[in-house]
K.L.:
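Have a look at this one before I ask anything.
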Amino acid sequence: MDGYVPSAVEQKWQRLWEARGTNTYTREELENAEDPFYNLMMFPYPSAEGLHVGNIYAFTGADVHGRYQRLRGKTVFEPMGFDAFGIHSENFALKIGTHPMDLIPSNVKNFTRQLRRIGGMFDWEHSVDTTDPSYYKWTQWIFLQFFKAGLAERKEAPVNWCPSCMTVLANEQVIGGECERCATPVEQRRIAQWFFRITDYAQRLLDNLDHIDWSDTTLKAQKNWIGRSTGAQLHFPVVNKDGAETGTKIEVYTTRPDTVFGATYVVLSPEHPLVESVTDARRRPPVYAYVDTASKKDLVARQKTDKTKTGVSTGGFCRNPATGELIPIWVADYVLMDYGTGAIMAVPGHDTRDFEFAEQFDLPILRVVAAAGDNADTPLEEAYVGPGRLVNSGDFTGMDVAESVEAVTDWVSGQGWGDGKINFRLHDWCISRQRYWGPPIPIVHCEACGPVAVPEADLPVVLPRVEDFKPDDSGVSPLARAEEWYRTTCPECSAEARRETDVSDTFLDSGWYFIRYPSSDFDDKPFDSAITKNWLPVNTYIGGNEHAVLHLLYSRFITMVLKDLGHIDFEEPYDVFRAHGLIIADGAKMSKSKGNVIVPDPIIEEFGADTFRTYLMFLGPFGEGGDYRPQGIQGPFGFLHRLWDTSVSAGQGEPDPDVERKVHQTIRQVTDQLPALGYNTAIAAMMECLNVIRSGGRSAVRAEIEPLVVMIAPFAPHMAEELWERFGHEGSVFDGANWPEFDASKVVESMAKVAVQVNGKLRATISVPKDALEADVIATARAEDNVARHIEDKDERRVIHVPGRLVNFVVG
RNA sequence: GCCGGGGUGGUGAAAUCGGUAAACACAGGGGACUUAAAAUCCCCCGGGCUUCGGCCCUUGCGGGUUCAAUUCCCGCCCUCGGCACCA
């Protein structure tokens, strides 16, 4: 008998798959595919280190799903590509002094080699590389569709700026107000940037969450991120020194319009346009100084919540429209310009932030909500935000807060100084990056015509190879130094003009790649409509929850817009999304600094890809991740060896009835668990089954072992192919609906094991016929020595019988 | 602070429409086979007590509901991930 040699089997089948085109499709095959199943996984960023275990874990879990669908007879399209633009590649390239245009291709090559080695069912004929001009040509095309539809606009926005690195920093690169690399204090700068108007779609992005089948945690993350809140927008009239209205009104947004009677001051954000006009002449120096300081702070420090509140009085006043009283106007950086109207009515009695601020600056705190047991004069030790009744609130005094929001809003809008309003936390999507390594934004700036779209026929706007791509003090992209590149003529008036020198965000690259995959061989269009119709939306998308918000939200948004513009006929890109867990080592996230990074190549070398895949799927629930322990791989390794030995030595003949029952039970369980991504328990069930088949050293007949070979195929595809061939089948196990069926009549047990308890404590276990009468089961249970001992001399109060599970005697 | 996971043997974990807690596997121990080793097969493996029949305790902690709670309810603690003054 020949033994299992993983490397030989794996090389053989990887060669055969490639030669036969087992996993690749031609254009005609994609057009005509029957029962198509688009199995998508999040494409990787091809780092210089190569694939890490986390990647392999995610891809294997997704590949298992695709292979299972294929064994069920679906035509499964499972593409793989590379998300290779962006700041990570660029910083790494700068660090090692290699140009990203040289670095990325070699990383991609290495990734491809590793990906082939783990035995994924990837269609390499339909790969994408976001840095390839043939791909980003269409990323630019998408930008143009947004631009033409009025969904892309240029406006000033603050960014983090490190004066030492001379670069724009992302929020996560600012640690404690300092640059993560050089510890220089970070400043804020205002730069004109391109935005996509995702907030126009906020409500739809939220509503659709109700009818897509996604992991619950992901849905919740999206919901929170969109952050819909209902409230009201109120106007507070500004008054002059004599108390007369100036005609200017401060718009505030509040979710608690019912507490307006308790608004004892108003706060403007430092960036608010009314700051200047409401400030009293004598208060200008401190107010301007405060605004100046606030604008210099980096964006992260600006939003820190644990610092003590700062602010400055403007000396100006406005009228609380509910009480008619004059209240002061302050400026404070705890009010953010980007949310609501950039101004708030402060209700210190019932908002913790306002309370804190009022204490700090000795502003009046008024109670307008009383909890049960409190009255209008009960002093407030802290802001009260709970339920209760309105007090000190004019005609509304006495009303329950549960109804008061609506009632006050109605009153306010009747009075004409406000209206109900819905707000979203979601901001417009800033897609500009003042960086080099990304697709140039396809816009030409012309003195006369303003920003003009590059004609689609002129795409792609190729990113030029510039050797000096280091960012500098200008705060604009390194492309702004490539004069021969950016100088051009206006597509509309032919005057001298200048190209946009910002590149776009990588989330734009990854926002539509799944649409490109099946059409990746078309040069003349981003996607073919017939193929797109046949394959999209994606059936199952598997990826990490770290992308629960941004990537998934942006790709939903792009899909929605493409639908509205008539390019596609669906608006949600992924029917099913499942988040996988994180793989950790020694109870901690893998990281170089901890020295617990698992390098996959030597493991595959030693045990083979099939064992590695099976182990990764076995070590914990796929949705939750697990702890990688090097020794644990012995389990699946031994299991696959035993499965091999059992298969190659299997004889002909009738299956043993007990073994056959176990096999059918196993088919049922695995068929149940695989589509639900219950991989670890499915593998355990197969191990258990093999243990029964081999128990006492018995050898199997083929009918007993063959279903197991097919069921292990998603996990150990190479080995399954080899054994399938040795069983005498033609071609690949994955060509055809070869998944085994279980026979319900062969699953049932004739005897049931029943637990016998006395007062809930286990006293015996009995075996009774499955269809035994209740009276007989109870009689058998009562007759057990150890049961009889515990119930004699006692009152029997109740007997509980759960058929097939237990009998419980309640005595006392 | 808020949102979302999660806390079960020496270890990774299973079992959550309430019904025998610890399946499967790793590590460990014992045995069979072998000249030997590997492989394979069999047995033990949460803690304590035991007259070897069993008994008691045990799913982060404290309460509760129930004949019965890892599972449901209330109040805590710890931990991981995400968000962070969102008015």
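Below, read A as the first sequence line, B as the second, and so on, with proteins coming before strands; counting in each chain starts at 1.
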K.L.:
Salt-bridged, Glu251(A) to Lys421(A), with N to O below 4.0 Å?
P.N.:
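So Glu251(A) does not pair with Lys421(A) through a salt bridge.
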K.L.:
Using a 4.0 Å heavy-atom cut-off, does Ser229(A) contact any base of the nucleic acid, only the sugar-phosphate backbone, or nothing at all?
P.N.:
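The residue Ser229(A) makes sugar-phosphate contact but no base contact.
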K.L.:
Under 4.0 Å, heavy atoms only, any strand: does Gly696(A) hit a base, just the sugar-phosphate, or nothing?
P.N.:
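Sugar-phosphate only.
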K.L.:
Under 4.0 Å between a side-chain nitrogen and a carboxylate oxygen: does that hold for Arg578(A) and Asp213(A)?
P.N.:
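Result for this pair is yes, salt bridge flagged.
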K.L.:
Are the charged groups of Glu749(A) and Arg661(A) less than 4.0 angstrom apart, N to O?
P.N.:
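Yes, Glu749(A) and Arg661(A) are salt-bridged.
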K.L.:
Just the rounded figure in Å: distance from P of C85(B) to CE of Met337(A).
P.N.:
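Rounded to whole Å, this separation is 16 Å.
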K.L.:
Go nucleotide by nucleotide along RNA chain B from the 5' end; which of Lys220(A) and Met345(A) gets its closest nucleotide reached first?
P.N.:
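Its nearest nucleotide being more 5', the pick is Lys220(A).
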K.L.:
For Asp419(A), check salt bridge (Lys or Arg N to Asp or Glu O under 4.0 Å) against everything at least two apart and list the hits.
P.N.:
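For Asp419(A) there are no salt bridge (Lys or Arg N to Asp or Glu O under 4.0 Å) partners, ignoring immediate neighbours.
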K.L.:
Please give the nucleotide sitting opposite U34(B) as a Watson-Crick or G-U wobble pair, both distances under 3.5 Å, or none.
P.N.:
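Pairing partner, where one exists within any strand: none, as none qualifies.
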K.L.:
Expressed in angstrom and rounded to an integer, what is the separation of Met686(A) atom CE from A25(B) atom P?
P.N.:
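Answer to the nearest Å: 13 Å.
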K.L.:
If I take atom CE in residue Met687(A) and atom P in nucleotide U40(B), what distance separates them, rounded to the nearest angstrom?
P.N.:
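So the CE-P distance, Met687(A) to U40(B), works out to 12 Å.
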K.L.:
Does CG belonging to Asp210(A) count more than 12 external heavy atoms closer than 6.0 Å?
P.N.:
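Atom CG in Asp210(A) is packed in, count exceeds 12.
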K.L.:
Once you round it to whole Å, what is the distance between P of A87(B) and CD1 of Ile250(A)?
P.N.:
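That distance rounds to 20 Å.
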K.L.:
Where does G54(B) land, syn or anti, given syn is within 90° of 0?
P.N.:
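In terms of base orientation relative to the sugar, G54(B) is anti.
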K.L.:
Using a 4.0 Å heavy-atom cut-off to protein, can you give one letter per nucleotide of nucleotides 6-19 of chain B, 5' to 3': B if the base is in contact, S if only the sugar-phosphate is, - if neither?
P.N.:
-----BBSSS---B
K.L.:
I need the NZ-P distance between Lys761(A) and A68(B), as an integer number of Å.
P.N.:
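Taking atom P of A68(B) as the reference, NZ of Lys761(A) is at 11 Å.
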K.L.:
At under 4.0 Å between heavy atoms, what does Asn691(A) touch on the DNA or RNA strands: base, sugar-phosphate, or nothing?
P.N.:
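It contacts sugar-phosphate atoms only.
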K.L.:
Given ring-ring contact (aromatic ring centres under 6.0 Å, His included), test Phe637(A) with Tyr615(A) step by step and report yes or no.
P.N.:
CA-CA 8 Å; Phe637(A) 188 59; Tyr615(A) 176 50; over 10 Å; no
K.L.:
In whole Å, I'd like the distance from the CG atom of Asn545(A) to the C1' atom of C83(B).
P.N.:
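Result: 13 Å.
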K.L.:
Atom CZ of Arg797(A) to atom P of U66(B): distance rounded to whole Å?
P.N.:
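Distance, rounded to whole Å: 14 Å.
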K.L.:
Charged N to carboxylate O below 4.0 Å: is that the case for Lys662(A) and Asp658(A)?
P.N.:
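Not counted as a salt bridge, because no side-chain N and carboxylate O are separated by less than 4.0 Å.
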K.L.:
Please work out if Asn786(A) contacts a base, only the sugar-phosphate, or nothing of the nucleic acid, heavy-atom cut-off 4.0 Å.
P.N.:
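The answer is sugar-phosphate, as Asn786(A) gets under 4.0 Å only of primed atoms, P, OP1 or OP2.
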K.L.:
Indicate syn or anti for G63(B), taking the glycosidic torsion and treating anything within 90° of 0 as syn.
P.N.:
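You should classify G63(B) as anti.
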K.L.:
Expressed as a whole number of Å, how far does the C1' atom of U16(B) sit from that of A68(B)?
P.N.:
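The answer is 15 Å between these two C1' atoms.
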K.L.:
Which whole-number value in Å describes the distance from Leu762(A) CG to A69(B) C1'?
P.N.:
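Computing the Leu762(A):CG to A69(B):C1' distance gives 16 Å.
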K.L.:
Taking the nucleotide of RNA chain B with the closest heavy atom to each, which residue, Arg763(A) or Thr254(A), is nearer the 5' end?
P.N.:
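Result of the comparison: Arg763(A).
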K.L.:
Could you tell me how far C67(B) sits from U20(B) if I compare only their C1' atoms? Round to whole Å.
P.N.:
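These two C1' atoms come out 15 Å apart once rounded.
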K.L.:
Taking pairing as Watson-Crick or G-U wobble with both contacts under 3.5 Å, can you name the mate of U66(B), or confirm there isn't one?
P.N.:
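By the stated definition (distances under 3.5 Å), nothing pairs with U66(B).
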